[in-house]
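Let me begin by presenting the structure, written as structure tokens, before commenting on it.
Counting starts at 1 for both ligands and their atoms, in listed order. In what follows, residues are counted from 1 in the order of the sequence shown.
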Amino acid sequence: MKNLIQFQKASSTHQETIFSWLASPHVREFWDNSPEHKTDIKLFISGRKQPSNYFDGIFSYWVGLFHKEPYSLVMTSTVYADDSCPELWRQNLSLQGTTISIDFCIGTLNYLGKGLAAPTLEAFVKFFNETVDPKADTFFIDPNKDNLRATHVYEKAGFKLIGSFAAEQGFFIGKESFLMIKKL
Ligand SMILES: CC(C)(COP(=O)(O)OP(=O)(O)OC[C@H]1O[C@@H](n2cnc3c(N)ncnc32)[C@H](O)[C@@H]1OP(=O)(O)O)[C@@H](O)C(=O)NCCC(=O)NCCS
């Protein structure tokens with residue numbers, strides 16, 4: 001199954017598909033569908049020539065394809081030990097390499113509940129390390145504590161539950177999330 005999964009940097013051909021995923025009820029429950037987030041996605045797609053006021057434009061967006069059909073979205077950013085970094089995150093940063101945070105969803109309903117989530121995440125971590133940043137050796141993912149399905153599939157994909165924290169900024173401010181980590 002894994003060799004049928006590919007990733008592409010989000011581009012203008014994906015934009016409407018991504019926005020339709022963000023508007024789906026199953027994604028809206030756990031993802032930010034705000035106009036600010038959509039503007040940030042547009043800015044990324046157009047090459048980040050203008051600044052973004054959505055987390056200062058730190059995110060990159062990737063589309064997962066199965067049999068060449070888009071079905072999933074991955075959002076990444078490099079984690080630094082700056083003021084916005086929660087203490088639990090700071091304590092678990094890679095010492096030698098890069099730490100990457102991941103947000104993930106399966107957007108297309110036909111691909112939901114088909115056992116694709118864990119293989120997609122495993123394939124994404126490999127893709128990112130091999131083709132985007134060879135120094136990336138530590139991957140964070142932070143499901144909402146109520147998102148038992150996500151927590152389960154992340155464990156299947158090799159992420160270990162480290163602890164919990166409350167988001168200090170952004171759309172999910174104050175909400176308790178788990179920090180789960182996969183190390184290569
Ligand atoms: C989370 C998400 C990526 C999982 O993808 P999926 O296609 O639903 O998952 P899969 O079919 O690959 O696997 C589902 C697994 O979770 C289990 N599961 C389903 N509901 C569950 C629940 N409420 N509690 C615990 N496990 C659950 C299934 O039994 C299955 O486990 P198994 O393979 O060991 O039998 C997807 O549901 C999604 O994108 N949801 C909306 C956005 C989201 O929540 N993103 C995560 C934000 S951190």
Side-chain angles (χ1 to χ4, degrees), residues 1-8 10 14-34 36-38 40-41 54-55 58-79 84-86 88-89 92 99-128 138-182:
M1 183 194 281
K2 273 188 213 158
N3 52 7
L4 298 173
I5 299 173
Q6 294 169 311
F7 299 94
Q8 292 176 351
H14 304 125
Q15 186 169 299
E16 287 315 310
T17 305
I18 292 172
F19 289 172
S20 73
W21 292 340
L22 292 181
S24 311
H26 75 283
V27 176
R28 285 176 78 123
E29 198 180 346
F30 296 108
W31 269 65
D32 178 4
N33 185 38
S34 65
E36 294 78 15
H37 190 196
K38 289 197 270 192
D40 187 61
I41 294 171
Y54 190 78
F55 291 87
I58 58 172
F59 294 114
S60 297
Y61 300 90
W62 311 89
V63 170
L65 302 105
F66 189 69
H67 274 292
K68 305 198 187 304
E69 192 182 329
Y71 71 104
S72 64
L73 180 64
V74 187
M75 183 167 125
T76 59
S77 69
T78 304
V79 187
S84 65
C85 184
L88 184 64
W89 288 41
N92 286 283
T99 303
I100 302 296
S101 89
I102 293 179
D103 287 276
F104 174 57
C105 72
I106 292 187
T108 304
L109 283 176
N110 284 350
Y111 290 87
L112 195 66
K114 299 278 162 49
L116 270 171
T120 303
L121 273 176
E122 287 178 300
F124 182 78
V125 164
K126 189 167 179 287
F127 157 82
F128 196 92
T138 302
F139 292 82
F140 286 3
I141 203 158
D142 59 343
N144 185 289
K145 266 188 166 179
D146 300 331
N147 197 345
L148 300 178
R149 176 163 60 169
T151 308
H152 174 74
V153 297
Y154 298 164
E155 270 172 348
K156 278 184 84 170
F159 288 80
K160 302 223 171 342
L161 205 162
I162 302 296
S164 65
F165 67 100
E168 289 166 17
Q169 56 172 330
F171 189 73
F172 297 104
I173 190 160
K175 296 258 168 67
E176 282 284 320
S177 298
F178 289 126
L179 174 63
M180 301 180 75
I181 300 182
K182 179 165 178 141

Listing, residues 142-153 side-chain donor-acceptor contacts under 3.5 Å, not counting sequence neighbours, or none:
| residue | atom | partner | partner atom | Å |
| --- | --- | --- | --- | --- |
| Asn144 | OD1 | Asp146 | N | 2.8 |
| Asn147 | OD1 | Ala150 | N | 3.2 |
| Thr151 | OG1 | Asn147 | O | 2.9 |

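- With values rounded to the nearest 0.5 angstrom, Lys160 atom NZ is found 9.0 Å from Met180 atom CE.
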Which pairs of donor and acceptor atoms, one on a side chain in residues 58-71, lie under 3.5 Å apart (sequence neighbours left out)?
| residue | atom | partner | partner atom | Å |
| --- | --- | --- | --- | --- |
| Tyr61 | OH | His37 | NE2 | 3.4 |
| Tyr61 | OH | Asp40 | OD2 | 2.5 |
| Trp62 | NE1 | Thr76 | OG1 | 3.0 |
| Glu69 | OE1 | Tyr111 | OH | 3.2 |
| Tyr71 | OH | Thr120 | OG1 | 2.7 |

Just the distances, no angles: every ligand 1 N or O to protein N or O pair closer than 3.5 Å, one line each.
| residue | atom | partner | partner atom | Å |
| --- | --- | --- | --- | --- |
| ligand 1 | 7 (O) | Gly113 | N | 2.7 |
| ligand 1 | 8 (O) | Arg149 | NH1 | 3.3 |
| ligand 1 | 11 (O) | Lys114 | N | 3.2 |
| ligand 1 | 11 (O) | Gly115 | N | 2.8 |
| ligand 1 | 12 (O) | Gly115 | N | 3.4 |
| ligand 1 | 12 (O) | Leu116 | N | 3.1 |
| ligand 1 | 12 (O) | Ala117 | N | 2.9 |
| ligand 1 | 31 (O) | His152 | NE2 | 3.0 |
| ligand 1 | 33 (O) | Lys156 | NZ | 2.6 |
| ligand 1 | 34 (O) | His152 | NE2 | 2.7 |
| ligand 1 | 34 (O) | Lys156 | NZ | 3.2 |
| ligand 1 | 37 (O) | Arg149 | NE | 3.1 |
| ligand 1 | 37 (O) | Arg149 | NH2 | 3.2 |
| ligand 1 | 39 (O) | Ile106 | N | 2.8 |
| ligand 1 | 44 (O) | Asn147 | ND2 | 2.8 |
| ligand 1 | 45 (N) | Phe104 | O | 2.9 |

Expected list for residues 16-32: side-chain donor-acceptor pairs under 3.5 angstrom, two or more places apart:
| residue | atom | partner | partner atom | Å |
| --- | --- | --- | --- | --- |
| Ser20 | OG | Thr17 | O | 2.7 |
| Trp21 | NE1 | Thr108 | OG1 | 3.1 |
| Ser24 | OG | Ser20 | O | 3.0 |
| Ser24 | OG | Trp21 | O | 3.2 |
| His26 | NE2 | Ile106 | O | 2.9 |
| Trp31 | NE1 | Phe104 | O | 3.1 |
| Asp32 | OD1 | Ser34 | N | 2.8 |
| Asp32 | OD1 | Ser34 | OG | 2.8 |
| Asp32 | OD2 | Ser34 | OG | 3.3 |
| Asp32 | OD2 | Tyr54 | OH | 2.6 |

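- Residues Phe159 and Phe139 keep their aromatic ring centres 6.0 Å or farther apart.
- Phe127 places none of its side-chain heavy atoms less than 4.5 Å from the side chain of Val125.
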